[in-house]
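All values below come from the heavy atoms of this structure, side chains included, with hydrogens, waters and symmetry mates left out. To find a chain, count down the sequence lines: A is the first, B the second, and so on, and within it residues start at 1.
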Amino acid sequence: MPVSVLAEGAVPGAQVPSHLTRIPVAEISAGMDCSRKSVQGRVVSKGPLVSPGGDNFVLKTVLQDSHSDSSSINVVLLGALAKEFDRAVSQGDVVVASGFTVGSSPTHHKDQLHRCNLQLSGEHACLFVSRPPAPPTGATLKRHSAQSAEEALHQLPTQGSSRTRKTPKYTYTGLDQLKLGVVVNVYGVVVFCKQPFRSRGTDYCSTLKITDQSNQIVWCSIFCKNPVDHPVIFQVGDIIRLHRVKVKPFNESVSLVNTFGFSAVTVSCADDGPLEPRTTSGSFHWDQEDVRKVQELRGWAATGQAAVLPAAVPLSKVEPRSYFDLTCQLLAKAPLDATCTLLRVWDGTRCRHPLLEVWVEPGMMEAGPALEPRDAQGLVVNVLAYDNHVESARQLQPGDFLKIFNLRALPAASSKAEGLAGSQMKEADASHLTFHLHGGTAFGRGIRVLPKSSPDVQKLMRDMEPLLQRGEPSDEEVLEVWCTPPEFPAGAEQVQISSERRCSHDAQQVTLSELKHSSSGRFHHVRVQLKSFEPQRLHQALKLYCSKCCSMCDVPDEEQLAAVFAASSVKPGCSGPPWTCSGQADLPSGSPGSPARALSIHLSTQLVCEGKTKELLLLEGATLQETSHLASAYSNVIPVTSSGGHMTLLDLSAPFLFRGRKRFYGCRRCSSATLREPYVKGQDSIDEKSVSEVLGVELLQFVLLMKLQLQDATDTLEVFLWRDAELFFGVSAEEAATNQEAQDVVSQTMDSLCPPGGSADTQPWLQVCVASYLDGDGKRTCHQICHTSVVRAPSAGAALP
DNA sequence: GATTAGGCTTCG
């Protein structure tokens with residue numbers, strides 16, 4: 001037994017054979033005879049188990065001499081010992097090593113640890129491990145109880161091939177306690193931040209400066225291949241937790257650099273703000289201790305000792321020549337040339353200075369489905385993103401909410417007029433402003449997409465709401481609706497049907513002919529009948545929409561889905577991830593000819609531990625019918641399959657989650673789905689939103705999309721019914737996807753508005769608000785019904801005052 | 001576990 005683990009709290013070295021003499025790390029030298037020597041130290045860094053091939057394993061760890069903080073040495077473990085060490089030893093454990101050989105450390109110059117290393121392999125190598133007990137101080141009481149819960153979890157009787165993994169216990173190092181070469185976990189307040197930028201190496205780099213109550217300011221450099229894996233920092237002042245960062249020398253000071261297993265969690269700095277940890281790792285440890293840490297740092301930062309928060313500047317407060325951070329929504333973008341991309345953005349406030357217009361070549365503007373705000377004068381500004389920001393701009397989608405760091409408001413006179421990327425200025429007034437995001441990353445210059453849930457975006461949306469004309473109807477409009485005489489004879493239909501406009505703008509009613517001849521980018525009020533509509537088969541009106549990439553696709557039909565599930569059900573099974581316990585559920589034979597069979601099921605160990613066994617089920621190898629069946633018994637069912645011996649999610653052509661009768665799909669383009677633990681201790685609830693976030697799935701929204709042909713005495717007009725389709729029918733698309741009643745409402749509404757075989761004489765007249773706008777490439781005017789809802793009255797005239 | 005990284009703008 002090369003690795004021997006002693007009981008928790010046992011005296012380190014208690015069972016070490018007496019013939020071994022313990023030597024301090026500092027006294028180790030190359031070529032010394034170590035056959036009867038031992039070294040004792042705390043594991044301050046534990047590398048991953050690396051397998052160069054076959055049964056060959058290598059693991060590197062760093063031991064810090066228990067009696068001398070300054071002596072740390074690299075230890076290389078080979079073969080079975082490496083594997084055993086990986087399984088049995090954690091960072092923080094105290095290890096006594098014997099039977100090693102001493103070599104020279106090839107990384108000595110870089111990590112500044114001992115110039116020798118210890119190599120352990122073969123039958124003579126031996127390790128004794130002792131685990132320090134949790135300290136019983138007041139500050140760690142909560143840790144202690146959390147640990148008890150973890151132990152309880154270990155002792156949990158589980159079914160089937162149950163497996164649990166020890167949740168790591170984290171200790172945090174103060175920023176004034178950092179020791180070179182040690183892998184640490186830290187908490188801090190961000191006082192400077194550069195959003196991820198392309199380094200000269202293979203990775204993106206983000207650099208931060210963080211501080212804590214010790215007032216030390218420490219540089220952190222995070223290197224990750226992918227910008228989305230970097231810490232999610234929205235502003236200076238955010239609280240950040242870094243796990244597994246290594247203290248390294250750089251430019252004559254220490255810096256923290258991510259190492260294997262690194263994770264970052266950030267929380268907003270607002271003292272009273274929501275405590276929503278943001279992370280790019282799928283599952284992360286977060287408990288009461290973290291909440292306490294954050295509150296402590298928030299309180300400290302609020303005293304003003306940490307850093308001065310940059311004042312958020314809305315467009316209405318921008319002064320010429322100033323630098324500022326802008327929270328905004330992207331409406332459209334256009335590449336101007338290789339070094340400059342135009343972003344048209346707004347934040348719901350009106351800039352008080354005249355704005356420069358930028359001419360864009362026809363067809364180059366990429367706009368989203370979002371309607372531009374009414375009366376855009378002063379609301380929509382042009383941002384010119386240069387050089388390295390062109391690449392970031394390419395990743396953005398119209399509709400995205402953004403934070404642009406270190407934007408500069410520049411009067412036209414200060415920028416070369418002709419130089420605007422070869423375009424021409426329409427009004428070269430010297431004082432007209434454009435907004436420049438200069439090349440480079442100085443002062444944290446960069447762009448970040450904000451999630452809709454962020455408090456800044458929530459505020460932005462509140463500011464924008466009235467400008468998108470979703471207000472309550474005015475008195476006049478209410479009057480207009482009430483006084484509209486019934487347009488078709490009472491009794492012709494059992495249900496009197498008409499429509500109400502729900503907008504508050506003061507557009508005059510126009511005819512369809514007039515509407516067709518007016519410019520786009522505005523709202524029109526029309527009185528029309530519905531001549532025809534498509535699709536006639538209403539289930540085809542139901543689509544899945546991705547609000548991130550704005551793509552839309554059909555909802556897969558049952559046959560397609562059944563095939564996807566059937567294909568996954570014949571794959572050989574696999575064991576579940578470490579956070580699950582597994583078992584089997586017997587299913588009665590569903591239909592004649594299909595035998596009763598057992599399904600592999602996997603439950604979250606944490607949830608089982610909390611007695612919430614019906615909350616979540618990972619279901620492996622089930623058919624669509626079986627999955628639907630079990631979805632009635634479990635709140636959340638995630639279908640899984642095996643791939644290369646590992647458990648994975650099904651292809652995203654299938655729903656990634658079943659909740660009762662509801663099925664949720666993910667965007668194949670925008671998701672990078674991985675099976676991760678969808679529940680962490682203390683989480684309020686599990687729903688499609690939390691599951692999709694954890695799994696890295698971009699949740700698709702059910703929407704209704706129809707094309708209607710409207711008519712009046714003057715003309716006909718094709719319009720879409722999409723953005724406000726739910727308002728129009730008074731049912732949600734999600735309901736329409738699962739609920740027969742909701743489907744009936746939609747089909748009955750269409751039948752009433754456009755009775756089969758009906759003539760223009762008998763069809764109802766509708767008051768409708770129509771938006772005219774340019775489509776994505778700006779070439780074609782489209783129309784969409786908005787702010788309008790269908791009204792069903794029991795009989796004509798009965799409701800009139 | 002190779003390498004990448006410390007601001008501090010102003011050009012367009």
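At a cut-off of 3.5 angstrom, the base of B:dT4 holds no donor-acceptor pair with the side chain of A:Thr202.
Of the candidates B:dT9, B:dG12, B:dA5, B:dT9 carries the atom nearest the A:Tyr323 side chain, counting heavy atoms from C-beta on. The side chain of A:Thr207 lies closest to B:dA5 when the candidates are B:dG12, B:dT9, B:dA5. With distances taken from any side-chain atom of A:His436 to the nucleotides B:dG12, B:dT9, B:dT3, the minimum falls on B:dG12. Checking B:dT4, B:dG7, B:dT9 against every side-chain atom of A:Asp203, the shortest atom distance belongs to B:dT4. The side chain of A:Tyr386 sits closest to B:dG12 out of B:dA5, B:dT9, B:dG12.
If you measure from atom CG of A:Asn406 to atom P of B:dT10, you get 10 Å, rounded to the nearest angstrom. One can place CZ of A:Phe324 at 15 Å from C1' of B:dT10, the figure rounded to the nearest angstrom. Distance CZ (A:Phe405) to C1' (B:dG7): 15 Å, rounded to an integer number of Å. Whole-Å rounding puts the A:Phe192 CZ to B:dA5 P distance at 14 Å. Spacing between atom CG of A:Asn388 and atom P of B:dT9 amounts to 16 Å, rounded to whole angstrom units. Summarising the geometry, the separation between CZ on A:Phe443 and C1' on B:dT10 is reported as 11 Å, rounded to the nearest angstrom. In this entry the distance linking CG of A:Leu407 with P of B:dC11 reads 14 Å, nearest Å. Remark: C1' of B:dT10 and CG of A:Leu410 are 8 Å apart, rounded to the nearest angstrom.
Between A:Gly201 and A:Gly261, the residue anchored closer to the 5' end of DNA chain B is A:Gly261, taking for each the nucleotide with the nearest heavy atom. Comparing A:His438 and A:Arg200 by the nucleotide of DNA chain B whose heavy atom lies nearest to each, the residue mapping closer to the 5' end is A:Arg200.
A:Asp347 and A:Leu326 make their closest contact through OD2-CD1, 3.8 Å (heavy atoms, listed as atom of the first residue, atom of the second, distance).
Residues passing the ring-ring contact (aromatic ring centres under 6.0 Å, His included) test with A:Phe197, sequence neighbours excluded: none. Residues satisfying the ring-ring contact (aromatic ring centres under 6.0 Å, His included) criterion with A:His389, sequence neighbours excluded, are absent altogether.
As judged by a 4.0 angstrom heavy-atom cut-off over every strand, A:Arg408 is placed among the base-contacting residues. If you check every strand for non-hydrogen atoms under 4.0 Å, A:Val183 touches nothing. At the heavy-atom level, A:Lys60 lies under 4.0 Å from the strands shown only through sugar-phosphate atoms. At a threshold of 4.0 angstrom between heavy atoms, the contacts of A:Arg198 with the nucleic acid are absent. Contact annotation for A:Gly439: base contact, defined as any heavy-atom pair under 4.0 Å involving a base atom. Within the 4.0 angstrom heavy-atom criterion, base atoms lie near A:Ser255. A:Ser253 comes within contact range of at least one nucleobase, with a heavy-atom separation under 4.0 Å.
Stacking between A:Phe223 and B:dT3 is absent: the aromatic ring centre is not both under 5.5 angstrom from the base six-membered ring centre and within 30 degrees in plane angle.
Just one of A:Ile404, A:Leu402, A:Val449, A:Ile447 meets the side-chain contact (heavy atoms from CB on, under 4.5 Å) condition when paired with A:Leu330; it is A:Leu402.
In this structure, the ring of A:Phe262 has its center no less than 6.0 angstrom from the ring center of A:His243.
Cation-pi geometry between A:Arg448 and A:Phe405 is not met at under 6.0 angstrom from the ring centre and within 45 degrees of the axis.
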